[in-house]
Amino acid sequence: MVKNEPLLRADGVGKEFFGVTALSNVDFELLAGEIHALVGENGAGKSTLIKILTGAYRRDRGRVCLDGVAVDPADVKDAQALGIGTVYQEVNLLPNLTVAENLFLGREPKRFGLTDRREANRRSREILDQYGLDIDVAALLGTYSVAVRQIVAIARAVDISGKVLILDEPTASLDAAEVSRLFAILQSLKGRGLGVVFITHFFDQVYRIADRVTILRNGHKVATRPLAGLDRLELVSLMLGRELKAEEEQRAEPPDLATKPVVASFKGLSKRGRIAPFDLEMRAGEVVGVAGLLGAGRTESAELMFGIHQPDHGTIEVDGKPASFSSPRDAISRGFGFCPEDRKQDGIIDDLSVRENIILALQARRGWAKPLSRKEQEAIADRYIAALDIRTSDREKPIKFLSGGNQQKVILARWLATDPRLLILDEPTRGIDVGAHAEIIRLIGELRERGMSLLVISSELEEIVAYATRVRVLADRRHVGELPAGEITADAIMRAIAASENHGAGEAAGQAAAGTRESVA
Amino acid sequence: ADMTVGFSQIGSESGWRAAETTLTKEQAEKRGIDLKFADAQQKQENQIKAIRSFIAQGVDAILLAPVVATGWDQVLEEAKDAEIPVVLLDRQVDSSDDLYLTAVGSDLEHEGEVAGEWLVKEVGDKDCNIVELQGTTGSSPAIKRKAGFEKAISGHDNLKIVRSQTGDFTRTKGKEVMESFLKAENGGKNICALYAHNDDMAVGAIQAIKEAGLKPGSDILVVSIDAVPDIFLAMQNGEANATVELTPNMAGPAFDALDAYLKDGTKPEKFIQTESKLYTQSDDPKSIYEEKKNQGY
Amino acid sequence: MTGPGLSTFRRILPQLVALVVILALNTAIAPGFLDIAYANGRLYGSLIDILNRGAPVALLAIGMTLVIATRGIDLSVGAVMAIAGAVAAALITSDHSLAVTVLATLGVGILCGLWNGALVAFLGIQPIIATLILMVAGRGIAQLVTEGVILTFNDPGLIFIGSGSLASVPFPVILWVFLGIVVSLLFRSTALGLLVEAIGINRRASSLAGIGTSALLLAVYAASGLCAAVAGIVAAADIRGADANNAGLWLELDAILAVVVGGNSLMGGRFSIAGSLIGAMIIQSVNTGILLAGFPPEFNLVIKAAIIVVILVVQSPASHTLFAYFKHRPGRAPDAAPATPPARETGKEAAR
Amino acid sequence: MTSSRLFSLATTFLIFILAYALCIAQFPNMLSTRVIGNLLTDNAFLGIAAVGMTFVILSGGIDLSIGSVIAFTGVFLAVAMGDWGVPPLLAIVLLLAITTVFGAVMGAMIHYLAMPPFIVTLAGMFFARGIAFLISIDSVPIKAGLYDTLHGLYFRMPGGGRLTFIGMAMLAVFLAGILIAHFTSFGRNVYAIGGNRQSAELMGVPIARTTVMIYALSSFLAGLAGIAFSLYTSAGYSLAAVGVELDAIAAVVIGGTLLTGGSGYVAGTLLGILIMGLIQTYIVFDGTLSSWWTKIVIGLLLFAFIALQRGLVWLSARRSGASAAIPA
Ligand SMILES: Nc1ncnc2c1ncn2[C@@H]1O[C@H](COP(=O)(O)OP(=O)(O)OP(=O)(O)O)[C@@H](O)[C@H]1O
Ligand SMILES: Nc1ncnc2c1ncn2[C@@H]1O[C@H](COP(=O)(O)OP(=O)(O)OP(=O)(O)O)[C@@H](O)[C@H]1O
Ligand SMILES: [Mg+2]
Ligand SMILES: [Mg+2]
């Protein structure tokens, strides 16, 4: 393999959106047989760069060469034809098609000129087998969780890519076992001479898999470095343009729960086929971390607690008085808040501005007749834009134009603005960069100290360890255990999960040390 | 007689047609006929479906008020195969006349002619600019009433149609279109007469003329067709001048013909024409209004 | 004007330009088109006619704008107009007072809207079909009330609503302008506007954010029913009779067209009632222009279609991009926008 | 799951059978081959057009122009064969080419100008009928040997019912539609675009080409429906088929296809057509309804069918534990 001629090469690529520069003069080089990490803060321009490389956006300036030949893919189909397979940041498959149809969309196997469904299903099962996914490929993709969809998207991109594979935050909702499988596959693709571009906010993963890293900041390329010999601290400061304050590894002081009032208690909540009955008592000033493998029923539990689904059985008490939630509205009126996992479908109102997205839940709770004045809205928006470091040129910008991580922060801001008594966060740090990640963990601690009761679902055990005052462990749609304040370590959580997984899952849980963004501290 | 008759009506798009339906039902009841009524909502396909269903049900006879002239051959043949006599009401078809028993109706073109002749006589040899409110574009009454009227005024060079636009047979559109006619023709001063393809449009137009500060019936002559009750009120007030009657009682003659045919096979004439009677302000509009008021218009 | 006022103005600027162009065309076709005279205690002229004749569509467009903002559509408004006209005529001819008649009629309109809203919000029936049911049945209900005849009436109060004038302006014009302002104010000075837009863009996320989506949907369809009832009274009063068969026939399409010509997206979200009202006037100007032009009626539809297409093409996002491209960056590769038409589609998945 | 989608199709079928049984209980005559034959023949043109509409709706669009295209077709054929003396087959080929191009142009406007389908096809609706008016405002009879031949093509079923040429043509179009929807790449792309246009685009679906093809197909089938209609009435008339687009939309939706796109079956549309036909037949058999009650009852029956369908689907979702307070 000739290593000196780059497989994919971009020179001086630039892109503006409505006068705002998203990328300026970026050079990028991908060698054959290389795994190349692309890192940068939220809004640095990573997604924009790969959308340009793959024909989803037209570039304003610059050149892109594949195998030394200038290419200009007009759309994704062109890029696919050139052998570039891509997983975009949002899971971009089609929930209304079956798994197999998604895998083979645009390249359906044919027999007698007609699509051959049976063949597609057979090959889909084969492909997914490599990822350890044994699911009904003839079922609609929409019936599966975000994680499954993400694996299917990866599988599709890998299967398409003849030369280049580009993955934009592919591991955001995967657990450790799945990440390991993915990496094994990437290694074998690398061995076959493909070039892989890999975007992530998990530095562990960068070091585990990548050969070189390119760092973007504010639309500029900062550097491209081989990872060997690159110190983590240096990588972080290249990315942020400043030193990251070392985490004051100051574990949450376990509150004396007995003295804290019970905000809400849930007894025997259950829903057939979704989650087995569970009890949970939430007290003011505590953070309950919720851990479990994908599909363990964490989201389901939260949805029952917030009135999104109605439980078959069980009772809810708020402040000692019985309550029943027929919709999220009821829960919100009792001082609940819920930041959902799937921000694109359940979170953002994409045409509304950042300001409107932030004040939406607060306004909804106040009722339509008591509008927040424009001034109040602006004040609230500005406060959270500053507090969460939301990167937007303007608070009136429609949220759909923000980068993925920044959208996530806006949704978080929406709920913080309602100042809830009980806040449920489902994967709040998905897609969030290192700097903001530290910020959010700090924020959770602060909210707790102010007396808020928090339930935080996360796949990142390190993160749970950092903020939880107790940990609820789920497996197989059951609440299987709880770790009190003194016993919270990543290992302990893993063991709790493993102990309850009935078949072969122990091994998976053993590897469940899901990525940490940085082990700088 | 225990007779079942299917009646495929066009729809209920106008007061006139509602009256026709009412009278048909009344006539049927009076004669002890079991009337199966099907409203086609202005759609020929629904009428064909209805006739097919009548045949499937095995009715004794079918009344059909066809929405258009064309396209009936097949279904009429099916009726003939099933030996069910069909009588056409108020409009004609272009099928061969052995496919139906008889047609009861008025001659649409003749109606237009009667209206035109009245106007020719009324204006004498003064110059007269006429504006015309057409019925729904493409409908057979609109086409034929226009043709008949034009026939009547042809050869009278002092009469000229200066504007002609569709008012869709409705009051609202009649009023709106008349407003624009008035604007376009120098505030209405250039217009001497209005010819409307039905009374409803005329009633709407009369309001427009009044609102423009002119006197309908004298500043602008108003002639229209159908003779629905409301036009007689206008005539009584001197706001309309003439109307040509299209009687809604088509079913009476139709049932008579059917009775005779089913009793002893008497074949009626192929076209039973109803009278196209002209009414003017001198015909005691008040009493005609009172008389017509309760006929289901 | 303050910031928001200015941005509203900027938003409806293309519509205003289109309106002016159409009016200019009309002036070219019909000399004296712009003349306004004063006679019989009211203003008189083609421009006034446009404002007056456009009243029913303008009224419908107000409610339709709100419904469309929630990503719905209301096909029943024409039928509701017929029902309202019929009810009003029936009440007034059976000697009820004007106040009772009008209030009861408006009530009936609201009821119709609530029915639609309930089908959409609670049964989850898709708006087109939910309102199609009332579109079909509604005309039947109206005819049931009038028994198929044109119910004429002579009550001067009711007639005033259709053809009276206040301060020499035709009353229907006052009515739609007033209702337009009231509804705009109601939605813009409270949070209703924001909440309605949120539902239209992403109903699921809105519901999760605590917006009472069902109640709002009900309210919006009820508002549409109310507007249709007002339009129905105006239409009936105008001809002094309730024509259940023809009142408002196919007017729902004109209303939808008005909303879209007014720059609102059928995909829901951001809305401007002022834009829709101008859209209604554009459509009425086209209709009036066709009438004034004196072509044979066979040409009406083709001309209307052609003008609408031209207006919409000029307004379409793609031609804006093209325009901006020629204006700002000659010689530059086109922006991403045409390839990914402004991320409208993202909302689609979300709202499913 | 595929099975749950099939379930809603089965539900619709069940509702149809149940409704038919109820009709027969009241009017035993409705169990004749005549009625069944009529159901197919009378709804043939609507069915053919509805297949096209199904594709459009599956892609998340809508086509309001089909009624007008049907009217245009009739007038064009009648005048072309009659006044212009074009041979019938040539006229038909010409016509189908015109309507297909017409649809393609609408599709191109929808895609390239990013205009909503509702409005583009609404303009198309005005335009096509307008052109029909320009060709002829009269109702023009068609007298062509070809038409007589086709009229003669039918199976006589025992009991006097006829399976006519256009009835069979509709069934053939449905078969072709099913094949295209489920066994071609084009069909897959239609579902993909309906599911999420942007995702489809990022997955490499040729949006532009597919959109243009969808509307071209719909207009092509509307042309075919127009031919069926002209066979049905042996005439062309510019006022024909007013509002057929709404009937077609209703049939598609009753057949279980979501107006938001991406989910549904062509076969469901056939059921939708049959259900609507059944409603009509029932009303005619009853024969006691006044004009206004006819409309009200049609509305109520439409509502009953849709509510029943929603109810059954909701119940089954509840049983499988998938109900949600949040509208999905
Ligand atoms: N379609 C668009 N329209 C306008 N601005 C955009 C658009 N897409 C991206 N941007 C802007 O471009 C910048 C870069 O965004 P990009 O999505 O590339 O960031 P990113 O590095 O992928 O961030 P993240 O880690 O949060 O995903 C951001 O400021 C964003 O607001
Ligand atoms: N690896 C897998 N294989 C098969 N099915 C899976 C897998 N992971 C999740 N699922 C399915 O995804 C669905 C959704 O799970 P759910 O979102 O309730 O779990 P969760 O605990 O909230 O997980 P998450 O970590 O994604 O929030 C379930 O129906 C489950 O069967
Ligand atoms: Mg990104
Ligand atoms: Mg989850």
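Residue numbering restarts at 1 for every chain, and letters A, B, ... go by the order of the sequence lines. All values below were derived from every heavy atom in this structure, side-chain atoms included, with hydrogens, water molecules and symmetry-related copies excluded.
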Reported OG-to-CD1 distance for the pair A:S327 and C:I211, which is rounded to 0.5 angstrom: 12.0 Å
Working to the nearest 0.5 Å, report the span between NZ of A:K344 and CG of C:N202. 11.0 Å
Over all heavy atoms of both residues, which pair between [X] and [Y] is shortest? Give the atoms and the distance, please.
X      : Y      : value
A:P371 : C:A191 : CB-N, 3.8 Å
C:T190 : A:W368 : CB-O, 3.3 Å
C:A209 : A:R414 : CB-NH1, 4.0 Å

Tell me, for [X] versus chain C, whether the close heavy atoms (under 4.5 Å) come from the side chain, the backbone, both or neither.
X      : answer
A:F306 : side chain
A:R365 : neither
A:L94  : neither
A:I349 : both

Any side-chain heavy-atom pair from C:L194 and A:L352 closer than 4.5 angstrom? yes
Are the side chains of A:L360 and C:L195 in contact, using a 4.5 Å heavy-atom criterion? yes
Proximity breakdown for C:L192 and chain A, heavy-atom pairs closer than 4.5 Å: both
Which atoms of C:S189 approach chain A - backbone, side chain, both or neither, heavy atom under 4.5 Å: backbone
A:D346 (side chain) donor-acceptor with C:R204 (main chain) under 3.5 angstrom: no
Whether A:D350 side chain and C:I201 backbone form a donor-acceptor pair below 3.5 Å: no
